[in-house]
Chemist: 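Could you have a look at this structure, given as structure tokens, before my questions?
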Amino acid sequence: MKCRYAVILSFVLHKFSMKKYLLSAVFASAIANAQIPTGYYDGTSGLSGYALKEKVHQIIAAKNINWNYGDLPNFYNQTDLDKYYDHGVSNTTFLLDIYSEIPTGPDAYEYTSANLIAGAGAEGLGYNREHMMPQSTFSTSSAISDYPMYSDLHFIIPADARINTLRNNYPYGVAGSTIYYTFTNGSKIGNAAIPNYPYLGRVYEPIDEFKGDVARTLLYFAVRYQGKLSSFNTAYTTSSTITPATDQCPLDGTEERAVDLNYIAMLKQWNTLDPVSQREIDRNNAVYNLQKNRNPFVDHPEWINIIWSETPDNIAPDAPTSLVSTQQGAYFVNLQWSASISSDVLGYRIYVNGSTTPSAVTKNNSVTIDHLLPGTNYTFAVKAFDKAYLESVSNQEITVATTASGNFAKDLMITKYIEGTGFNKAIEITNKTGHAVNLNNYRLNIQFQNTTSGSFYNGNTYELEGSIENNESFVILNPNSALACYTNSTSKFVTASDPMIFSGTQYVELAYNKTIAVDVIGSKFVSNTNADVSLYRKNTVTQPSSTFSLTEWDSYPVNFCQNAGSLAVENIGNSDSSLKIYPNPVHDVLNIQAENNLGKIEILDFSGRVLKSFNEKKVKNLQINVSDLSPGDYILKVDGSSFKFIKI
């Protein structure tokens, strides 16, 4: 069921107070823009609607640094000091809490970052780390929290523990005449304001001073986590006895629109009536310094109206045509079709074997359906959907058989596991599946052992996102690492989440669809013995395994870290025309012919592991025996040039 909110455009909002240090919208935008790194929003010019939202998502989701939840209290000394109301710019002690801040006079109480507590029976006893988008929206369960959302500073703020507890996971909104709690700064919890509306539950209403802050933060979440929103919980329950006790969140289950239209109307009003303040600008810059991404609506508050400006019709789109299968493997099928002729199509949903739940959603005219069984018939149908989320009919279906066997890996593989000293933790994952892989359904899980009781429990999880091309590798790195070969800037994912604080005794798994173990390090329910060791997958291993065997790995000393960065297909082919390699594909002997004397020569697999290495300083021609290599793709590096070759 979609979330519903008691908001209508005709509702007259309360008169907004003037912010201290409040800037005009134009002046605020100018100052904010002055802080944006050059080129940060490249590619957004001229875009509008969901196309702009998609581009901004790509920008703010790339190359983030994801810290541990435990790091946040210390970071609040950089992001949330009160330099705007009760204290001056020299304040290095007291935090700004938008749930308790009194803009017009002294606050009833104040906190330092050391005043973190678990809960409170009254205001003023301490603060919590408040997820403005509740954890129950995105967490796997009440016992497991999901990174990177769990510690994203852009929407996690210091807030009074009592107010945070009472807010529960109620949405922000405008409270009506039935008020349950009024807090010291005037914020309150009450029933939603509009009578006779489908949603009659409780809302938390912040004071006018911070309503724009709330709107821009919630919409940051909707853009940052596009691609995952449809998997989030849009109808969670609260501990309240209020009826209804479900249907509480602003997300509506869609990826592009993301938020219920009635709720968007309210957030647009809040964004307009409470413009960007210096506090938000400073906080955005501080969070960027820590996380390396920005809240786009602090930088460009006008984008809220530009993105949520679509006016869809009520006519279902025309169906796509000419559905064919272009490739079949043992575990996947590639599909392709001709686009719908309708102009308002957002994307396509692919259905398998008559299911009413799509197996994949794409904006392209082709897709790979994976996690299939070898030698099995599957029936596929493709339907277009438009900006109103109306779906076309399916004019055709095709039945395709996967092959009985194949040379591709059935799933992603862990190819490097570095358990170094301190925070020197890195995991490399390689795609040898024969097709691009959508990472949004993959995660790293970890199991810990209680040092007192000896019992085992699951730690918090880290969700991957984006995609990875065939024959590419990527690295997941702890941000505090000092490894010689991987840096925060060269790694695809940088996180201090639970799976990346392993010490070698834990069980770590790459999982698909939350709980299906794809590839693992160690065994469950035992204290493993992989401490202070770097494991590199043997080149002869071509398939991932949900059962760990040390025989599949080469062991190296602690902090051993070979081949800086990950090797991607686009990095190969900067070849010197004075060099020739032949034959390619090769069976036994690879020939190198050069105009000048050869230097350092290496053969690597696509995980970056060096398989053969030579230093030839006095010859221009060389023959390399590759008969011992397994069939597959390899990289030949000659000094600064690189070549891809195929061993058959």
Side-chain angles (χ1 to χ4, degrees), residues 68 70 143-144 147 409 411-430 442-462 464 473-486 491 493-512 514-563 566 605 607-611:
N68 192 275
I144 299 175
Y147 287 88
D411 217 317
L412 301 178
M413 294 177 59
I414 300 173
T415 44
K416 292 180 184 175
Y417 167 92
I418 300 174
E419 199 290 286
T421 53
F423 292 106
N424 289 351
K425 320 291 182 186
I427 291 177
E428 183 184 78
I429 296 173
T430 300
Y442 288 85
R443 58 175 54 193
L444 284 182
N445 295 327
I446 189 167
Q447 185 184 76
F448 292 102
Q449 185 176 21
N450 187 298
T451 55
T452 302
S453 67
S455 61
F456 294 88
Y457 63 96
N458 293 323
N460 295 321
T461 189
Y462 179 73
L464 308 183
S473 297
F474 63 86
V475 172
I476 307 170
L477 183 70
N478 188 297
N480 297 299
S481 167
L483 289 168
C485 62
Y486 300 127
S491 302
F493 300 105
V494 181
T495 177
S497 58
D498 289 5
M500 294 307 294
I501 57 175
F502 55 83
S503 62
T505 61
Q506 294 84 18
Y507 165 83
V508 178
E509 70 178 14
L510 173 65
Y512 173 76
K514 297 187 178 180
T515 59
I516 302 172
V518 169
D519 209 3
V520 305
I521 302 292
S523 301
K524 282 188 174 181
F525 306 112
V526 300
S527 181
N528 291 281
T529 57
N530 297 315
D532 299 332
V533 65
S534 298
L535 300 177
Y536 282 52
R537 205 69 169 263
K538 293 180 183 294
N539 186 57
T540 54
V541 178
T542 59
Q543 295 291 345
S545 176
S546 59
T547 302
F548 180 73
S549 174
L550 195 57
T551 61
E552 294 187 354
W553 301 82
D554 290 326
S555 297
Y556 294 95
V558 61
N559 296 325
F560 181 84
C561 199
Q562 187 183 53
N563 308 315
S566 59
D605 62 21
S607 72
R609 182 185 173 208
V610 175
L611 306 175

Chemist: Any chance you could lay out the side chain to side chain contact (heavy atoms under 4.5 Å, CB included) test for I427 and F502, step after step, and finish with the verdict?
Modeler: CA-CA 11 Å; I427 291 177; F502 55 83; 3.9 Å; yes
Chemist: Would you mind reporting whether E428 and Y536 have side-chain heavy atoms less than 4.5 Å apart?
Modeler: no
Chemist: Closest heavy-atom contact between P557 and S534?
Modeler: O-OG, 3.2 Å
Chemist: From I414 CD1 over to S545 OG, what is the distance, rounded to the nearest 0.5 angstrom?
Modeler: 10.5 Å
Chemist: For the pair F474 and F493, name the ring-plane relationship: parallel under 30°, tilted 30 to 60°, perpendicular over 60°.
Modeler: perpendicular
Chemist: Do S497 and N460 make a side-chain contact, defined as non-hydrogen atoms from C-beta onward lying under 4.5 Å apart?
Modeler: no
Chemist: Do I476 and L464 touch side chain to side chain, with heavy atoms closer than 4.5 Å?
Modeler: yes
Chemist: Donor-acceptor check, side chain of T505 to backbone of N528, threshold 3.5 angstrom: yes or no?
Modeler: no
Chemist: Keeping the roles fixed (side chain from N424, backbone from I418), state whether a donor-acceptor pair exists under 3.5 Å.
Modeler: no
Chemist: For a 4.5 angstrom cut-off between non-hydrogen side-chain atoms, does F548 reach L535?
Modeler: yes
Chemist: Which pair of non-hydrogen atoms, one from E509 and one from Y507, has the smallest distance, and what is that distance?
Modeler: OE1-OH, 2.6 Å
Chemist: Is the shortest heavy-atom distance from the side chain of W553 to the side chain of I521 under 4.5 Å?
Modeler: yes
Chemist: Minimum heavy-atom separation for V533 to N530, with atom names?
Modeler: CG1-O, 2.9 Å
Chemist: Is there a side-chain contact between N68 and D498 (heavy atoms, below 4.5 Å)?
Modeler: yes
Chemist: Side chains of M500 and Y147: closer than 4.5 Å at any heavy-atom pair?
Modeler: no
Chemist: Which heavy-atom pair separates S503 from E419 by the least distance, and what is that distance?
Modeler: O-OE1, 3.4 Å
Chemist: Could you grab the distance from atom CD of Q506 to atom CD1 of I501, nearest 0.5 Å is fine?
Modeler: 8.0 Å
Chemist: Once you round to the nearest 0.5 Å, how far does OH of Y442 lie from CG of L412?
Modeler: 4.5 Å
Chemist: Rounded to the nearest 0.5 Å, how far apart are NZ of K425 and OH of Y417?
Modeler: 7.5 Å
Chemist: Quick one, N445 and N458 - any side-chain contact, counting heavy atoms below 4.5 Å?
Modeler: no
Chemist: Specify the closest pair of heavy atoms between L483 and L477, including all atoms of both residues, with the distance to one decimal.
Modeler: CD1-CD1, 4.1 Å
Chemist: Give the minimum heavy-atom separation between G420 and N559, together with the two atoms involved.
Modeler: CA-OD1, 3.0 Å
Chemist: Kindly say whether Q447 contributes a backbone atom to a donor-acceptor pair with the side chain of K524 at under 3.5 angstrom?
Modeler: no
Chemist: Using side chain to side chain donor-acceptor pair (under 3.5 Å) as the criterion, point out the one residue from D519, D554, T542 that pairs with R537.
Modeler: D519
Chemist: Are the side chain of T430 and the backbone N or O of S473 linked by a donor-acceptor pair below 3.5 Å?
Modeler: no
Chemist: Should we count CZ of F456 as having more than 12 external heavy atoms under 6.0 Å?
Modeler: yes
Chemist: In Å and rounded to the nearest 0.5 Å, what is the OH to CD distance from Y457 to Q449?
Modeler: 9.5 Å
